[in-house]
There are 2 protein chains.
Amino acid sequence: MKFNIKDVAKKANVSISTVSRVINQSKPVQSKTKERVLMAIEELGYKPNAIARSLKVKHTQSIGIMVPDIANQFYPEVVRGIEDVANMYEYTIFLCNTDLDDDKELKYFSGMEEKQVDGLIFMGNILTDRLAREMKKADMPVVLIGSDHPDLPSVTIDNTLAARKAVEYLLDKGHRGVAVITGKMKDPMMGRARLKGYREALEKAGINWKSEWVVEGGYRFKSGYEGARQLMMLEERPTAIFVASDEMAIGAMRAILEKGLQIPQDIAVVGFDNIDMSGKVYPSLTTMGQPMYEMGAIGMRLLTKYLQGEIVNDNKVVLNFELTERESS
Amino acid sequence: MKFNIKDVAKKANVSISTVSRVINQSKPVQSKTKERVLMAIEELGYKPNAIARSLKVKHTQSIGIMVPDIANQFYPEVVRGIEDVANMYEYTIFLCNTDLDDDKELKYFSGMEEKQVDGLIFMGNILTDRLAREMKKADMPVVLIGSDHPDLPSVTIDNTLAARKAVEYLLDKGHRGVAVITGKMKDPMMGRARLKGYREALEKAGINWKSEWVVEGGYRFKSGYEGARQLMMLEERPTAIFVASDEMAIGAMRAILEKGLQIPQDIAVVGFDNIDMSGKVYPSLTTMGQPMYEMGAIGMRLLTKYLQGEIVNDNKVVLNFELTERESS
DNA sequence: TTGTAAGCGTTATCAA
DNA sequence: TTGATAACGCTTACAA
């Protein structure tokens, strides 16, 4: 049996407004009547209906999160960051997996709008114009995490700088033959930006670019594995590989180890992201870390600012990255 | 600017009821007027307000998911399973991280009730009586995944049988010195049940139980690492370790490798869960796999049955497990 | 300090 | 096939 505010009003012998007032503490209520109301609530096991409330007050205290795939190592950590600060601000989160599918993204976004989320956090490799337009049209704040767009707030790191630093680290260790397994070329951040960083590092060091030393990967283990095998078949074998994601890097390491080669003696590898597992594999992975939890937390904090109507002066926050040196280099 | 059904009614020169009818296709509408309505919707960029709808129809097409920690390797995969079938049935999901904290569990559950979720999926190591009572009281279906309770539907595997099989596998390989790193003893499934399986296997094989060969772990990498170190310091060193979770097993492997020992030649290890990473580490991990994605998918499917008022004859589904043999054994 | 009543954006009943 | 209108459970003027 489900009771509503009317039931408790009747039971406590007051009007529904005073019940509302004690629930929300929105206006003073005489302590005696308040007690009666509380009693009634207790006895009936009454729970306020947030849906009805939302309809009236025009906000839901819910926000949407769109991620490519929660089962992909990278995202759970940032979702956790989001969740933690969302809870501090009393928001609960709707989670959607887009699989990087444009239609799903559009559909879910629309669904979130209909469910009247107060705001939304979007993660995805590339933000289509179509979706960006929808986001602008919708009158709810959206913040991007890990990707970027001229007229939307976002939190990111400087991917090309981070990649450059990673490669420079390898160069500083004396490596001259540094190959790269990168993200998809159509992907601005993980693909092009990180490759650009690689190229910049080489240029600055006066090292020639060898096109056979750059292989385009996906993001998963398998493509790192295959990329490394391909690289090792070259007559001039690289002595180090910079890999644009940790999961690929772990795949690359396996390929190297299977070949009977030693890491880092024969080939050093440095990854990107610093997912949880990168410190746990053997050998542990040196990696250019993104502050995933912070990206989530800060992204959500940014969102709350819009939600609360605070003025925000900087809607593009770019966070620091940090190289974690481990055994693989 | 946000428009409502009234706005489109005015624009299309019809009543709000006919607008509602074309949106929901709940009653025939003359194709000509339907067209007008569709035009108006299009022009205004109207999106129906699901909150208002929910208030009226008394369901929200939302369900809640409570997990200990989405950043923990095990859960994203089952959440993904849940999500996929939830979407097939047009539900969207609220995600909550409980951190295994009783108060948070209670609080979030209450919050989900207020938000009028149509149902809820709970994951947690142990279901407190307090929470179980709340679940019974609430008039919404709840299904448990990975844990169990006499009067709640659930989907699990037979943890003690699975553990026994894992240990028997080791025994069959000729190991006589099989140690175990288990879950917390207060945890019925991952702790006691899996330890029980270990014991049963030993008994059946006529092998003596050595209390110094069982160490109680948490679930994380570190406790596996430490557990293995402890085990290796014994004067009679085990030749195999059964570890009650993959993450701990990966920690155990690292401890073994660091010690300069070989896996599986010196010590074999088999884990539990078959998380994604267990096939990617080096050496790859033999593990007793839980069908995580399926547990999620089937759990959600079970929930939809309650949601749709289907009669369900078996509210305790126990799934098959499967040993995946890899390099660590 | 308390109560009455309008209204939030829908759906659904009833009548036309 | 369409339109008026009550109702869903709440908050919030406004009045008492």
Have a look at [X] and say if it touches a base, only the backbone sugar-phosphate, or nothing, with a 4.0 Å heavy-atom cut-off.
{"X": "B:I51", "result": "nothing"}
{"X": "B:T33", "result": "sugar-phosphate"}
{"X": "B:F3", "result": "nothing"}
{"X": "A:T18", "result": "sugar-phosphate"}

Open item on the list: Would you compute the distance between atom CZ of B:R133 and atom CG of B:L127 and round it to the nearest 0.5 angstrom?
Closed with: 11.0 Å

Take atom [atom1] of [X] and atom [atom2] of [N], then tell me their distance rounded to the nearest Å.
{"X": "A:K47", "N": "D:dG9", "atom1": "NZ", "atom2": "P", "answer": "16 Å"}
{"X": "A:N49", "N": "D:dG9", "atom1": "CG", "atom2": "P", "answer": "7 Å"}
{"X": "B:K56", "N": "D:dA6", "atom1": "NZ", "atom2": "P", "answer": "12 Å"}
{"X": "B:K58", "N": "C:dA12", "atom1": "NZ", "atom2": "P", "answer": "12 Å"}
{"X": "A:I23", "N": "D:dT11", "atom1": "CD1", "atom2": "P", "answer": "6 Å"}
{"X": "B:K10", "N": "C:dG9", "atom1": "NZ", "atom2": "P", "answer": "12 Å"}
{"X": "B:N4", "N": "C:dT11", "atom1": "CG", "atom2": "C1'", "answer": "14 Å"}
{"X": "B:K27", "N": "D:dA4", "atom1": "NZ", "atom2": "C1'", "answer": "14 Å"}

Open item on the list: For a quick check, tell me whether the side chain of B:S17 and the base of D:dA4 share a donor-acceptor pair closer than 3.5 Å.
Closed with: yes

- [ ] Check for a donor-acceptor pair, side chain of A:K316 on one end and backbone N or O of A:H149 on the other, with a separation under 3.5 Å.
- [x] yes

Open item on the list: Is it the case that the side chain of A:K115 and the backbone of B:Q61 share a donor-acceptor pair, with hydrogens and angles ignored and the cut-off at 3.5 Å?
Closed with: yes

Open item on the list: Looking at A:K32 and A:E35, is any side-chain nitrogen of the basic one under 4.0 Å from a carboxylate oxygen of the acidic one?
Closed with: no

Open item on the list: If we count only N and O atoms by modelled type, under 3.5 Å, do the side chains of B:R21 and B:T18 hold a donor and an acceptor together?
Closed with: no

Open item on the list: At less than 4.0 Å, is any side-chain N or O atom of B:S15 found next to OP1 or OP2 of D:dT2? Yes or no.
Closed with: no

